[in-house]
Amino acid sequence: MSPVLERKLLGLIGLGVRGRGVVVGVERVRDAAKRGFVRLAVVAPDASRHSLDKVVPLLQARGIRIIDGPSAAALGAAVGREATAAIGITDPSLAAGVRKLFDAPEVRDTGSERTR
């Protein structure tokens, strides 16, 4: 992920936290996904295998798009934590904005997502 794209993504996530349009952490993302609230998920590629195994299969089964984001430390810093493995975007407008970032032709070629 390019530094510019990472900065934009983290900025949008920060806005989502302030506007309560995101859920933070594996358990909260799992719960929100089970209830049908997650529109898009961002996961840290350096998160523990255990954490990813708890959330990624559920998101894939629900057909929720997963984006490989920046490091767990960078995601955590954007939401006021030391680190976090997963963030679920629940606000439809915010999810659309993040999708727009990652659907740009120069981004699609980098393979920065797991599923659509």
Side-chain angles (χ1 to χ4, degrees):
M1 174 178 303
S2 76
V4 172
L5 182 61
E6 181 176 326
R7 184 176 47 81
K8 288 179 181 180
L9 174 63
L10 293 175
L12 287 173
I13 289 171
L15 285 173
V17 169
R18 290 187 291 281
R20 299 180 189 211
V22 302
V23 291
V24 180
V26 170
E27 291 305 320
R28 292 201 58 212
V29 171
R30 282 177 48 86
D31 183 50
K34 286 179 184 177
R35 294 184 299 149
F37 294 131
V38 176
R39 308 278 188 211
L40 178 73
V42 180
V43 298
D46 63 341
S48 73
R49 177 62 32 212
H50 179 72
S51 293
L52 293 177
D53 287 346
K54 287 173 84 175
V55 71
V56 171
L58 174 65
L59 294 170
Q60 289 175 334
R62 298 281 178 150
I64 299 168
R65 184 172 173 180
I66 303 167
I67 294 174
D68 283 334
S71 70
L75 279 178
V79 299
R81 292 189 177 184
E82 188 173 318
T84 190
I87 293 176
I89 299 174
T90 58
D91 180 80
S93 298
L94 180 60
V98 173
R99 277 191 197 97
K100 187 176 178 181
L101 273 179
F102 282 86
D103 285 343
E106 63 275 5
V107 174
R108 268 187 272 148
D109 296 334
T110 64
S112 57
E113 67 181 77
R114 293 179 192 238
T115 184
R116 283 193 184 255

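Here the structure is a predicted model, which means the values were calculated and not measured.
Under the side chain to side chain donor-acceptor pair (under 3.5 Å) criterion, S71 pairs with no residue at all, not counting sequence neighbours. Listed by chain and residue number, nothing satisfies the salt bridge (Lys or Arg N to Asp or Glu O under 4.0 Å) test with D46 (two or more places apart in sequence, or in another chain). Among residues two or more places apart in sequence or in another chain, the side-chain contact (heavy atoms from CB on, under 4.5 Å) test is passed with A95 by R39, L40, I89, R99. By the side chain to side chain donor-acceptor pair (under 3.5 Å) test, T90 pairs with no residue at all, sequence neighbours left out.
Nearest heavy atom pair, residue L52 against residue A44, reads CD2-O, 4.0 Å. When all heavy atoms of A85 and L75 are compared, the closest pair comes out as O-CD1, 4.4 Å. Across all their heavy atoms, V55 and A86 have their closest contact at CG1-CB, 4.4 Å. Minimum heavy-atom separation, G69 to P45: O-CD, 3.0 Å. A pairwise comparison of heavy atoms in L59 and A41 identifies CD1-CB, 3.5 Å as the closest pair.
Proximity of V43 to I67: side-chain heavy atoms (C-beta onward) are nowhere separated by under 4.5 Å. By the 4.5 Å heavy-atom criterion applied to side chains, L5 and F102 are counted as neighbours.
Annotation: the span from Q60 atom CD to I66 atom CD1 amounts to 4.5 Å, rounded to 0.5 Å. Note that the CZ atom of R62 and the CZ atom of R30 stand 10.0 Å from one another [nearest 0.5 Å].
Under the 4.5 Å side-chain heavy-atom criterion for ILVMFWY residues, a single connected hydrophobic cluster contains both L101 and I87.
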Result block: side-chain N/O donor-acceptor pairs under 3.5 angstrom for residues 8-29, not counting sequence neighbours:
unit_1	atom_1	unit_2	atom_2	d
R18	NH1	G14	O	3.3
E27	OE2	K54	NZ	2.7

